[in-house]
**Student:** 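Mind looking over this structure? Questions follow.
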Amino acid sequence: MVVGSMMMPKYPDPKIIYTPKGIQTGMLSEHGVNLTYMQAWRAKEKALEFLRGHPDDSYSRLSSYLYILEKTYPGLVVKLQKTEDNYFLYAFVALSTSIKGWEHCRPVVLVDGTFLKSAYRRIMLIASTMDATGSILPLTYTIVDSENDAS
């Protein structure tokens with residue numbers, strides 16, 4: 001779309017979530033191309049992979065990221081567990097400020113978890129407590145395959 005001599009961006013609002021159905025409609029109205037739902041879904045997945053990278057690449061860089069984190073924050077506790085085939089299994093991180101802050105907290109620890117929705121289906125667990133002022137202090141976080149004693 002051209003306004004005066006300036007080009008208007010095609011997708012000006014970064015908050016818009018493009019669904020495969022919306023991609024189908026847009027391609028048909030703007031280009032006269034009729035896509036199946038699956039073609040639109042695959043195109044969206046390819047575009048997201050192009051923008052964000054492949055999740056395998058992120059996991060392969062995880063040990064480097066944790067190493068830099070350890071060097072940047074002295075006193076940080078980090079544990080990365082991989083399988084024999086060098087695949088990601090668990091990651092544990094406790095920030096040194098949280099470890100020091102624990103001395104001034106109530107002796108109650110709450111653990112909460114959330115599912116990480118991706119091809120790898122992991123769970124993120126966060127342990128936190130309350131400090132003397134009643135504020136929540138995150139103590140540690142970990143990414144595990146499931147909530148069990150081993151992890």
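Counting from 1, the numbers follow the sequence of the chain as shown.
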**Student:** Does the side chain of L76 come within less than 4.5 Å of V93's, by heavy atoms?
**Tutor:** yes
**Student:** Among side-chain atoms of D85 and T83, is any donor-acceptor pair under 3.5 angstrom?
**Tutor:** no
**Student:** Is it true that Y37 and I23 fall in one hydrophobic cluster, defined by side-chain heavy atoms closer than 4.5 Å?
**Tutor:** no
**Student:** Hey, could you give me the CG/CZ distance between L116 and R122, rounded to the nearest 0.5 Å?
**Tutor:** 9.5 Å
**Student:** With a 3.5 Å distance limit and no angle check, can you tell me whether E70 reaches the backbone of Y67 through a side-chain donor-acceptor pair?
**Tutor:** no
**Student:** How long is the straight-line distance from CD of E49 back to CZ of R42, given to the nearest 0.5 Å?
**Tutor:** 13.5 Å
**Student:** Can you tell me if S135 uses its side chain to pair, donor with acceptor, with the backbone of D131 under 3.5 Å?
**Tutor:** no
**Student:** Which heavy atom in P20 sits nearest to a heavy atom in A40, and how many Å separate them?
**Tutor:** O-CB, 3.4 Å
**Student:** Check for a donor-acceptor pair, side chain of S98 on one end and backbone N or O of A94 on the other, with a separation under 3.5 Å.
**Tutor:** no
**Student:** Are K82 and L89 packed together at the side-chain level, in the sense that at least one heavy-atom pair is separated by less than 4.5 angstrom?
**Tutor:** no
**Student:** Does any non-hydrogen side-chain atom of Y90 lie less than 4.5 Å from one of D145?
**Tutor:** yes
**Student:** Donor-acceptor check, side chain of Q24 to backbone of L35, threshold 3.5 angstrom: yes or no?
**Tutor:** yes
**Student:** When you measure from the side chain of T140 to the backbone N and O of A127, does any donor-acceptor pair fall under 3.5 Å?
**Tutor:** no
**Student:** Indicate if V111 and V77 have the same hydrophobic cluster label, given that clusters are the connected sets of ILVMFWY residues with side-chain heavy-atom separations under 4.5 angstrom.
**Tutor:** no
**Student:** Indicate, with yes or no, if Y73 and I68 share a hydrophobic cluster defined by side-chain heavy-atom contacts under 4.5 Å among Ile, Leu, Val, Met, Phe, Trp and Tyr.
**Tutor:** no
**Student:** How many angstroms lie between atom NZ of K79 and atom OG1 of T142, to the nearest 0.5 angstrom?
**Tutor:** 11.5 Å
**Student:** Do the side chains of L125 and V144 get nearer than 4.5 Å, heavy atoms only?
**Tutor:** yes
**Student:** At what distance, to the nearest 0.5 angstrom, does CG of L80 lie from OH of Y65?
**Tutor:** 12.5 Å
**Student:** Do side-chain atoms of K44 reach the backbone of Y18 as a donor and acceptor pair under 3.5 angstrom?
**Tutor:** yes
**Student:** Sequence neighbours excluded, which residues qualify as side chain to side chain contact (heavy atoms under 4.5 Å, CB included) partners of S128?
**Tutor:** L110, I136
**Student:** Please report the closest heavy-atom contact between S96 and P74, naming both atoms and the distance.
**Tutor:** OG-O, 3.2 Å
**Student:** If I take atom NZ from residue K100 and atom CG from residue L137, how far apart are they, to the nearest 0.5 angstrom?
**Tutor:** 13.0 Å
**Student:** Given the rule that I, L, V, M, F, W and Y join up when any side-chain heavy atoms are under 4.5 Å apart, are F92 and L139 in one cluster?
**Tutor:** no
**Student:** CG of L48 to NE2 of H54: how many Å apart, nearest 0.5 Å?
**Tutor:** 12.0 Å
